[in-house]
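Excluded from the calculations below are hydrogen atoms, water molecules and symmetry mates; all remaining heavy atoms, backbone and side chain alike, are included.
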Amino acid sequence: MPELPEVETLRLGLSELLPGRTISTVDFNWPKSFPNSDGDVQRFLIGASVTKIRRRAKVLIIELTTNYSLVIHLKMTGQLVFSSSGKRFGAGHPSDSLVGKLPDKSTRVTLGFKDGSYLFFNDQRKFGWMRLLPTIEIMNLDFFKKVGPEPLSDDFTWQMFRDRLLRRPNSIVKAAILDQTVIAGIGNIYADESLWGAKIHPATRVSQLSPRDFKTLYKELVFVLKLAIEKGGSSDRNYVNAEGKKGSYLSFARVFRREGQPCPRCGTIIIKSRVAGRGTHTCPYCQRIAG
DNA sequence: CACTTGACCTGTCCGC
DNA sequence: TGCGGACAGGTCAAGT
């Protein structure tokens, strides 16, 4: 699921909801979702208050007053949903929200706060994880040492994008932009959407891209990521925001999940194939392999 | 080195 | 209806 725009939407939502709240209970409904969830972890969590929510790539970081942080990766089906009114308080919540229906059978971790509110970590497929680390150690994790630049940061330029891609000249471009060490936060949806926008076939070798291709793909990536954040992300199946509601990017999507429909640019029927081991959506007319 | 496959899991959808 | 297989937003490790 969650790619950069979904995790960023969650960060924005949780930033309005969590800071200042103090953890009072912790339930590990599925211990494997919280590696090393032993008694010590609970002791380190209870009594800690949330100070700030950060994001790096697709990882969310909830900073606590104790100089520890919760580090969370939602992988394919993870959800973080806040409820101000406790558990399963169905009445009074909008029907399009998960709040009020939680916890449920895919709830893996439940954090309770002193004021009676809760944060539920749900994850149908159990690939996601949450763990507690000293805040100063987070950036020493292998993942953070290797991860590439944030595509929406001010100092990320098209030349930087080109140079990082060119480190893998023999890779196909879709695999290269999905590689988190090349650039942070891109996943299958926004890879397909930006490649369509740049009129580049996903299986094109990086070495075959023109200077103009790099520049256009860079612009399209930044464009779709910003648009997706405005739309509250994409809810293909499971994704919901901190209030348990779906994002609306997919109603604006040009190719993703639109196989069999006309290309918005030329009218050719969008096809779905497999590229870089992933389901891939393209316009066979607009996106032809160069070289 | 780069690519593919399999693993980690549950659930849904499609064809027979 | 039931059953088997393919597939789903992500990352790892291992094999070719």
Side-chain angles (χ1 to χ4, degrees), chain A residues 1-10 29-35 55-60 71-80 98 103-109 121-131 141-148 164-195 202-208 221 224-225 228-229 231-241 246-253 255-260 271-281:
Chain A
M1 104 162 213
E3 306 181 29
L4 187 154
E6 290 73 35
V7 182
E8 180 63 12
T9 299
L10 211 42
N29 313 77
W30 185 259
K32 277 182 79 176
S33 297
F34 201 123
R55 178 191 62 74
R56 177 77 170 97
K58 301 172 189 172
V59 177
L60 199 69
V71 184
I72 302 159
H73 201 308
L74 300 172
K75 292 287 179 83
M76 301 281 263
T77 57
Q79 303 168 321
L80 278 176
L98 261 189
D104 66 15
K105 64 178 174 179
S106 53
T107 301
R108 309 301 175 203
V109 180
F121 174 42
N122 265 38
D123 185 20
Q124 180 188 102
R125 290 176 72 181
K126 300 176 175 172
F127 294 165
W129 47 261
M130 181 184 256
R131 46 187 165 156
L141 292 174
D142 278 352
F143 176 84
F144 285 114
K145 283 199 275 193
K146 289 190 289 187
V147 73
R164 296 188 70 86
L165 285 175
L166 283 172
R167 294 180 189 180
R168 299 185 48 170
N170 299 319
S171 294
I172 60 177
V173 62
K174 179 163 175 173
I177 62 175
L178 286 174
D179 182 341
Q180 301 297 296
T181 69
V182 172
I183 175 173
I186 310 303
N188 207 31
I189 298 176
Y190 305 108
D192 282 3
E193 289 288 289
S194 58
L195 287 162
T204 310
R205 301 268 155 202
V206 167
S207 59
Q208 297 297 314
L221 263 177
V224 295
L225 294 174
I229 292 170
K231 302 300 176 193
S234 295
S235 291
D236 188 17
R237 286 184 169 74
N238 294 265
Y239 175 75
V240 292
N241 66 18
K246 293 172 182 293
S248 66
Y249 176 84
L250 287 188
S251 58
F252 296 82
V255 286
F256 191 83
R257 279 293 147 81
R258 296 204 180 271
E259 59 271 31
I271 58 169
K272 186 172 181 185
S273 61
R274 195 152 282 266
V275 177
R278 313 292 300 274
T280 298
H281 310 75

Can you tell me the distance, in whole Å, between the [atom1] atom of [X] and the [atom2] atom of [N]?
X	N	atom1	atom2	value
A:E3	C:dA8	CD	P	13 Å
A:M76	B:dG6	CE	C1'	14 Å
A:H281	C:dC7	NE2	C1'	11 Å
A:R257	C:dA8	CZ	P	6 Å
A:K272	B:dC14	NZ	P	12 Å
A:Y239	C:dG10	OH	P	14 Å
A:D123	C:dA8	CG	P	18 Å
A:L225	C:dG9	CG	C1'	14 Å

Minimum-distance nucleotide (side-chain atoms of A:D236 versus C:dC7, C:dG9, B:dC8):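 Closest nucleotide among those given: C:dG9.
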Nearest heavy atoms of [X] and [Y], plus distance in Å:
X	Y	result
A:V147	A:A57	CG2-CB, 3.8 Å
A:E8	A:I229	CG-CD1, 3.8 Å
A:V7	A:P2	CG2-CB, 3.9 Å
A:F121	A:G128	CZ-C, 4.0 Å

Watson-Crick and G-U pairing of DNA chain B, under 3.5 Å, as dot-bracket with | and [ ]: .|||||||.|||||||
Stacking of A:F127 on C:dG10 base (centres under 5.5 Å, planes under 30°): yes
Where at least one partner belongs to residues 184-195 of chain A, residue pairs that pass salt bridge (Lys or Arg N to Asp or Glu O under 4.0 Å), sequence neighbours excluded: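 Salt bridge (Lys or Arg N to Asp or Glu O under 4.0 Å) check on residues 184-195 of chain A returns A:K174-A:D192, A:E193-A:R254.
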Letter per nucleotide, 5' to 3', of nucleotides 11-16 of chain C [B base touched, S only sugar-phosphate touched, - untouched; heavy atoms, 4.0 Å]: SS----
Mind checking what makes side-chain hydrogen bond (donor to acceptor under 3.5 Å, both in side chains) contact with [X], not counting sequence neighbours?
X	answer
A:N241	none
A:R164	none
A:R257	A:D236
A:T9	none

Work out how far the [atom1] atom of [N] is from that of [M], and round it to whole angstrom.
N	M	atom1	value
C:dG5	B:dG6	P	15 Å
B:dG11	C:dT11	P	22 Å
C:dA6	B:dT5	P	13 Å
C:dC7	B:dT4	P	15 Å

Residues that A:R258 engages under salt bridge (Lys or Arg N to Asp or Glu O under 4.0 Å), provided they are two or more places apart: none
Set of salt bridge (Lys or Arg N to Asp or Glu O under 4.0 Å) partners for A:R131, sequence neighbours left out: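 Here no residue qualifies.
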Touch class at under 4.0 angstrom, heavy-atom based, for A:G279 against every strand present: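 Sugar-phosphate contact only - A:G279 comes under 4.0 Å of backbone atoms but never of a base.
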Sugar-phosphate, base or nothing in reach of A:S106, heavy atoms under 4.0 Å: nothing
N/O contacts under 3.5 Å, protein versus nucleotides 10-12 of chain B?
{"residue": "B:dT10", "atom": "OP1", "partner": "A:K126", "partner atom": "NZ", "Å": "2.9"}
{"residue": "B:dT10", "atom": "O4'", "partner": "A:Q124", "partner atom": "O", "Å": "3.4"}
{"residue": "B:dG11", "atom": "OP1", "partner": "A:K105", "partner atom": "NZ", "Å": "3.4"}
{"residue": "B:dG11", "atom": "O4'", "partner": "A:Q124", "partner atom": "OE1", "Å": "3.3"}

Side chain to side chain, A:Q79 and A:N238, heavy atoms closer than 4.5 Å: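 A:Q79 vs A:N238: side chains touch.
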Between the protein and nucleotides 1-4 of chain B, which nitrogen or oxygen pairs are less than 3.5 angstrom apart?
{"residue": "B:dC3", "atom": "OP1", "partner": "A:N170", "partner atom": "O", "Å": "2.6"}
{"residue": "B:dC3", "atom": "OP1", "partner": "A:S171", "partner atom": "N", "Å": "3.4"}
{"residue": "B:dC3", "atom": "OP1", "partner": "A:I172", "partner atom": "N", "Å": "3.2"}
{"residue": "B:dC3", "atom": "OP1", "partner": "A:R205", "partner atom": "NH1", "Å": "3.1"}
{"residue": "B:dC3", "atom": "OP2", "partner": "A:R168", "partner atom": "NH2", "Å": "3.3"}
{"residue": "B:dC3", "atom": "OP2", "partner": "A:S171", "partner atom": "OG", "Å": "3.0"}

Any residue meeting ring-ring contact (aromatic ring centres under 6.0 Å, His included) with A:F34, in chain and number order, not counting sequence neighbours: A:F28
Flag for A:Y190-A:E6: side-chain donor and acceptor within less than 3.5 Å: yes
Donor-acceptor contact present, side-chain A:Q180 to main-chain A:G185, <3.5 Å: yes
OP1 or OP2 of C:dA8 under 4.0 Å from side-chain N/O of A:R274: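 True: A:R274 side-chain N/O within range (under 4.0 Å) of C:dA8 OP1/OP2.
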